Structures are given as C-alpha cells and as structure tokens.
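Take a look at the structure set out below.
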There are 2 protein chains.
Amino acid sequence: MDKSDIKQAGLKITKPRIEILKLLETSEKQHFTAEELYQELLSNNIKVGIATVYRVLTQFVAAGLIMKHNFEGDQCVFELDRGEHHDHMVDMKTGRIVEFHDEIIEQRQIEIAEKHGFTLMEHSLTLYGEFK
Amino acid sequence: MDKSDIKQAGLKITKPRIEILKLLETSEKQHFTAEELYQELLSNNIKVGIATVYRVLTQFVAAGLIMKHNFEGDQCVFELDRGEHHDHMVDMKTGRIVEFHDEIIEQRQIEIAEKHGFTLMEHSLTLYGEFK
DNA sequence: CTCAGTGCAAACTATTTGCAGATTT
DNA sequence: AAATCTGCAAATAGTTTGCACTGAG
C-alpha cells in the first residue's frame, strides 16, 4: 500500500502526495520531470501547485521513495525507487528512457574506486544515443 | 598553439577566447564552472562579462575544443577536450574531481547498446563518494 | 570598412521560499 | 487544537538574449 510509505516517511497523507506517488507507481511511463507530473495531475483534475509538486518530490527523494536523475538537458527526472539499481539509456531524439543493469560494470566500478582509495557511495551511468 | 584552434573553429581570435582557452589549458585545476572561469579571469585582471564567458564556452563546446559535464548539483563544469575519453570520480565532500578510464566498462557499454538495438553516441559515467 | 564579438542589463527557465489560510491527525 | 501542508506569488540561481558599441581581419 502506497499510503503507508508516505506515513513511514514521517509525512502526512495528503492528496498531492498520494496522487504523485500513485502516478509514479502505476504509469506506464516510469520517468517524469516535475513539470510533467504537474501537468498530469492537472489533466486528472487534481488541483495542485507546481511548488507542492517540487516540495513533495524533494521529500520523497529524502525519504528514499523515489530517485532523482540529472540527465543531459535542464530538467531533472524522477522515478519510483523500486530497490533494484539500474542505469539508463536515453534516446536523444525521442527522449525515450530504457533501463539496464550490468553486473560486470557494477563490479568494475567497485574495483576502480578501491584502486583509487575512493569510497564509492553512488554512481550514475547514462548512455546517450538512438534506438533503431 | 591555442590560437589556431580558435581560428579553426571559425571564430575570431579575441582576448576572452584566448584567455579562457589558456586557463583551461594551463591550470592545474582541470574542471571549471562558468562562474569559476569568470572569477579567475577577473582575478587576472582580464575584464569580461559573464555573458561572454557563457557564449565562448558554448562555442567551444560546439567546436569540440572543450567538454561540458552535468554532475550532480546545479552547475555544469567544463574541461579541455584532450581527445582522450575518460569518466569521473567526484568527491562529494571536497568537490575534487579525478578522471579515470576503463576499457572493460567502455567495451561493456558498447555490447549493452548493441543488445538493445541502441546506437550509442556518447555516455556519462560518474562515481560519487569520498577520497580517503 | 565590415561583420563578428562584447558588455550590460533585461529576460528566461527551473526550482525554492515566505506567508496566510487549509488539512491532517 | 496543534502541527504540518498547500497554493500563490515573489524570490533565486544559472544561463541566455537584445542591443548598441567595439574590435578583429
């Protein structure tokens, strides 16, 4: 149940929060900019302010419910954190985003970090190109 | 010689361009935000406007002289394109940036792209953590 | 001399914040 | 009722643009 996640994060269960989480959970599309979420809510006749969308997203990121990505371009995208780490391929023409995971790369990163005396906390790998 | 690079890019050889390129070429620091470059130029008693710095950087990126990176946070960083591809490790405490290159990871990315019918054009891999 | 380049200030875009009223618990 | 949350509008931060002047070729 989604609502309990909100509560567990120490946040009150409000309409904007429920609806944003629902969108991220049930949409076919998995990655949204704040603006896209905002527009989507409006289309669904849910009145919210864009400021609330940003605030809620920030809180959800802090709570570990969702993740925030900084792809190329000027907007960040958000997606539900389903617990399975993955990286992204971004189609530069269409904006389509596909996820992937590769153990060899993951492993290599750890080795490289060790070799450099670097405590690896997170990483971001994004491939840019075009789907045929 | 740096000036010829500017000319080859179809740009006139002007003070701001020469100085920005020189900074990127000769500084110990390899990665700069637009603001840092601007401040550095001012400290060296070179009068430029921040708008010019942004314009010149954009032109240099288009010309392939420099590269632009979108690490976490809100500012982009620029570095000279020395032709040798590399990825980055960013120290989240100090901001220190160290470059690395790993053939296995590079290779893996190509394979993954192929497997997904994706024409890989560029990629960005950044490790976040802390140097010991 | 001509056209590209520059500085300045104003414009823009994405995001954040202050505040008074509305909602959750 | 108390504390959090919300919408609105104003504020920010980074970056871009319009314009009249300057400087490179």
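All of these numbers come straight from a predicted model, not from anything done at the bench. Letters go in sequence order (proteins before strands), and every chain restarts at 1.
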Exercise for review: Round to a whole Å and report the spacing from CG of Asn70(A) to P of dG14(D).
Suggested key: 14 Å

Practice item. Please confirm whether the backbone N or O of Ile46(A) pairs with a side-chain atom of Asn44(A), one donor and one acceptor, at under 3.5 Å? Key: no

Check your understanding: To the nearest 0.5 Å, what is the distance between NZ (Lys115(A)) and CD1 (Ile112(A))?
Key -> 6.0 Å

**Study point:** For atom CZ of Phe60(B) and atom P of dG5(C), their distance in whole Å
**Key:** 11 Å

Point to revise | For atom CD of Glu19(B) and atom P of dA24(D), their distance in whole Å | key: 13 Å

Revision key, fill the gap. Against the side chain of Thr58(B), the closest entry in dT16(D), dT25(C), dT6(C) is dT16(D)

Check your understanding: Is Thr52(A) close to Arg55(A) at the side-chain level, that is, under 4.5 Å between some pair of heavy atoms?
Key -> yes

Point to revise | Value in whole Å for how far the P atom of dA24(D) lies from CD1 of Ile6(B) | key: 12 Å

Point to revise | Interatomic distance, Leu57(B) CG vs dT6(C) P [rounded to whole Å] | key: 12 Å

Review point. Where along residues 41-54 of chain A does a heavy atom fall under 4.0 Å from DNA chain D?
Key: Lys47(A), Val48(A), Gly49(A), Ala51(A), Thr52(A)

**Study point:** Under 3.5 Å donor-acceptor, Arg17(A) side chain and Val56(A) backbone
**Key:** no

Check your understanding: From the list dA14(C), dT6(C), dT6(D), which nucleotide is the closest neighbour of the side chain of Asp74(A)?
Key -> dA14(C)

Practice item. Provide, to the nearest angstrom, the distance between the OH atom belonging to Tyr38(B) and the P atom belonging to dG7(C). Key: 9 Å

**Study point:** Any Thr14(A) side-chain nitrogen or oxygen under 4.0 Å from OP1 or OP2 of dT4(D)
**Key:** no

Point to revise | Gap between atoms CD and C1', on Gln39(B) and dG14(D) respectively (whole Å) | key: 14 Å

Check your understanding: When you measure from the side chain of Lys12(A), which nucleotide among dA3(D), dT15(D), dT6(C) comes out closest?
Key -> dA3(D)

Check your understanding: Distance from Leu41(A) atom CG to Glu19(A) atom CD, nearest 0.5 Å?
Key -> 7.0 Å

Check your understanding: What is the distance, rounded to the nearest whole Å, between atom CD of Gln59(B) and atom P of dG5(C)?
Key -> 6 Å

Review point. At under 4.0 Å, does any side-chain N or O of Arg17(A) touch on OP1 or OP2 of dT4(D)?
Key: no

Study note, to complete from the structure: Judged by nearest nucleotide, the residue sitting upstream toward the 5' end of DNA chain D, Gly10(A) or Lys7(B), is Gly10(A)

Exercise for review: Using a strict 4.0 Å threshold on nitrogen-to-oxygen distance, state whether Glu36(B) and Lys29(B) make a salt bridge.
Suggested key: yes

Check your understanding: With sugar-phosphate meaning primed atoms plus P, OP1 and OP2, does Arg55(A) contact a base, only sugar-phosphate, or nothing at under 4.0 Å between heavy atoms?
Key -> base

Review point. Do His101(A) side-chain atoms and His85(A) backbone N/O form a donor-acceptor pair below 3.5 Å?
Key: yes

